[in-house]
Number of protein chains: 2
Amino acid sequence: MALKIRKNRSSAPPPKCVVASCMALIGGAWTPNIIWYLSGGPRRFGELRIDMPGISPKMLSTRLREMEKAGVLRREVMPTSPPSVEYALTDLGAELLPAIVAIAEVGHKLKARENAACGQGENDRPAGQPLAAE
Amino acid sequence: MALKIRKNRSSAPPPKCVVASCMALIGGAWTPNIIWYLSGGPRRFGELRIDMPGISPKMLSTRLREMEKAGVLRREVMPTSPPSVEYALTDLGAELLPAIVAIAEVGHKLKARENAACGQGENDRPAGQPLAAE
DNA sequence: CTGTATCCAAACCGATACTG
DNA sequence: CAGTATCGGTTTGGATACAG
């Protein structure tokens with residue numbers, strides 16, 4: 001052998017499958033938003049649709065279903081005259097928030113660097129791209 | 001209008017684009033692992049390959065390149081006889097760790113529930129699926 | 001050893017239309 | 001109002017082979 005492999009100094013083995021479990025939930029394009037909006041209290045299907053302009057009913061339904069199955073939110077049918085359904089985060093679902101906040105925090109710094117490029121002239125994104133930034 | 005839309009009680013607007021900036025980096029299938037292994041100190045290309053059995057050189061190269069461009073890691077060519085390249089997290093890259101840890105933490109609970117199913121008989125994954133769980 | 005090129009399968013997402 | 005069905009475009013990731 002030409003070069004020797006150094007022992008990895010990481011304190012613990014990387015929990016890939018564990019990370020994947022969470023990423024499957026918050027890794028979607030809309031899931032962080034759904035969780036965020038739900039963190040303010042229970043919310044109906046149509047309300048969530050209005051909260052997130054551009055989301056198709058299919059996506060919302062799919063994500064909601066996945067999240068319910070994973071046990072991070074609860075679906076409750078309200079017996080009103082026009083049927084309405086409320087979605088609310090469970091305790092488990094609320095635990096996703098710190099992760100999302102952590103992501104948003106570092107994402108903020110990432111984005112700042114992305115736009116400023118730290119003095120480098122290399123920025124192909126002129127700052128202010130039309131994402132769904134409220 | 002039949003039903004009135006309740007005002008969203010979420011404390012702040014969900015920073016979707018900001019989240020996306022971070023998710024683009026840690027949302028990949030291998031990126032969390034790369035960051036984790038790099039958190040133990042600088043590491044070479046081949047070492048990372050051994051750390052993560054199953055990753056193709058293309059993926060590793062692609063992710064490494066993206067992360068370098070985003071400024072979360074630095075690439076350094078060591079002038080040794082067989083050429084070797086070391087990758088190391090930058091300060092900015094180290095800031096990704098808290099987010100990954102937060103994800104892993106809630107992912108752990110998610111996975112526990114996923115396997116136990118809380119007394120329900122509904123689990124189509126018999127626990128112990130062959131993911132890259134070290 | 002350190003990558004890059006090509007091909008290919010699967011997942012994700014969006015738009016539209018339609019049902020209960 | 002609250003979804004489901006279907007179609008298609010785009011992206012992502014894996015396998016393999018090859019190059020500097």
Side-chain angles (χ1 to χ4, degrees), chain A residues 1-6 16-17 19-20 23-34 38 42-69 73-88 130-132, chain B residues 1-6 16-17 19-20 23-34 38 42-69 73-88 130-132:
Chain A
M1 57 189 75
L3 290 172
K4 51 186 167 188
I5 305 303
R6 293 168 294 185
K16 182 178 189 235
C17 59
V19 170
M23 290 300 296
L25 278 179
I26 65 174
W30 296 101
T31 351
N33 279 51
I34 295 175
L38 246 31
R43 209 137 174 83
R44 291 191 293 113
F45 190 88
E47 289 176 322
L48 287 171
R49 266 184 91 174
I50 294 173
D51 288 337
M52 294 171 283
I55 192 172
S56 70
K58 176 192 175 177
M59 284 316 302
L60 185 51
S61 180
T62 304
R63 291 279 92 91
L64 251 19
R65 202 162 285 273
E66 281 182 13
M67 291 163 79
E68 186 192 5
K69 188 176 178 186
L73 63 78
R74 211 161 356 93
R75 196 183 104 117
E76 193 170 352
V77 180
M78 312 298 281
T80 51
S81 36
S84 67
V85 184
E86 275 207 350
Y87 294 91
L131 267 167
Chain B
M1 56 191 77
L3 291 171
K4 50 185 168 189
I5 306 302
R6 294 167 294 188
K16 184 174 191 247
C17 60
V19 171
M23 290 300 295
L25 277 179
I26 66 174
W30 297 99
T31 351
N33 278 51
I34 295 175
L38 246 32
R43 211 140 174 81
R44 289 189 296 113
F45 190 87
E47 289 176 323
L48 288 171
R49 266 184 91 175
I50 294 173
D51 287 338
M52 295 172 283
I55 192 174
S56 68
K58 174 194 175 177
M59 285 316 303
L60 185 50
S61 179
T62 304
R63 292 280 93 90
L64 251 19
R65 200 165 288 272
E66 280 181 15
M67 292 163 76
E68 185 191 7
K69 187 176 179 186
L73 63 77
R74 211 161 358 92
R75 196 182 104 117
E76 192 171 352
V77 180
M78 313 299 282
T80 50
S81 36
S84 67
V85 184
E86 274 206 352
Y87 294 92
L131 267 165

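Small disclaimer: the values here were computed from a predicted structure and weren't measured. Order of the sequence lines sets the chain letters (A, B, ...), proteins ahead of strands, with each chain counted from 1.
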**OP:** For A:E68, check side chain to side chain donor-acceptor pair (under 3.5 Å) against everything at least two apart and list the hits.
**Re:** none

For nucleotides 12-15 of chain C, print each protein N/O atom paired with a nucleotide N/O atom at under 3.5 Å, atom names and distance only.
| residue | atom | partner | partner atom | Å |
| --- | --- | --- | --- | --- |
| C:dC13 | OP1 | A:A29 | N | 2.6 |
| C:dC13 | OP2 | A:R63 | NH1 | 2.3 |
| C:dG14 | OP1 | A:W30 | NE1 | 3.4 |
| C:dG14 | OP2 | A:W30 | NE1 | 2.6 |
| C:dG14 | O6 | A:K58 | NZ | 3.2 |

Original post:
Rounded to whole angstroms, how far apart are CD1 on B:I50 and P on C:dT2?
Top reply: 9 Å

**OP:** Measure from the side chain of A:S84, starting at C-beta and using heavy atoms only, and say which of C:dA17, C:dT2, D:dC1 lies closest.
**Re:** D:dC1

**OP:** Rounding to 10 degrees, work out the angle separating the end axes of the helix from C:dC1-D:dG20 to C:dG20-D:dC1 (five pairs an end).
**Re:** 40°

Original post:
D:dG13 P sits how many Å from B:L64 CG, rounded?
Top reply: 14 Å

**OP:** Over all heavy atoms of both residues, which pair between B:G27 and A:M23 is shortest? Give the atoms and the distance, please.
**Re:** CA-CE, 3.3 Å

Subject >> Inter- and intrachain pairs under side-chain hydrogen bond (donor to acceptor under 3.5 Å, both in side chains), touching residues 54-65 of chain A, at least two apart >> reply: A:R63-A:E66

**OP:** Applying side chain to side chain donor-acceptor pair (under 3.5 Å), name anything that partners B:R6, two or more places apart in sequence or on another chain.
**Re:** A:E47, A:E86

Subject >> Separation between CG of B:L38 and CG of B:L48, rounded to the nearest 0.5 Å >> reply: 5.5 Å

**OP:** Look at A:R44 and D:dC1 and indicate whether a side-chain polar atom (N or O) is within less than 4.0 Å of OP1 or OP2.
**Re:** no

Original post:
Tell me the salt bridge (charged side-chain N to carboxylate O under 4.0 Å, His left out) pairs involving residues 73-83 of chain A, sequence neighbours left out?
Top reply: none

Original post:
Going by heavy atoms in the side chains, are A:K16 and B:P32 under 4.5 Å from each other?
Top reply: no

Original post:
Any side-chain N or O of B:R49 under 4.0 Å from OP1/OP2 of C:dG3?
Top reply: no

Subject >> Gap separating the CH2 atom of A:W30 from the CG atom of A:L60, nearest 0.5 angstrom >> reply: 9.5 Å

Original post:
Has A:R75 got a side-chain N or O lying under 4.0 Å from the OP1 or OP2 atom of D:dG3?
Top reply: yes

Original post:
Please give, in whole Å, the distance from C:dC1 P to B:L48 CG?
Top reply: 13 Å

**OP:** Quickly work out the B:L60 CG to C:dT2 P distance and round it to whole Å.
**Re:** 10 Å

Original post:
What is the distance, rounded to the nearest whole Å, between atom CD of B:E86 and atom C1' of C:dG3?
Top reply: 17 Å

Subject >> d(CG, B:N33; P, D:dG14) in whole Å >> reply: 11 Å

Original post:
Can you check whether B:F45 reaches B:L64 side chain to side chain, under 4.5 Å on heavy atoms?
Top reply: yes

Subject >> Between P of D:dG3 and CD of A:E68, the distance in whole Å >> reply: 9 Å

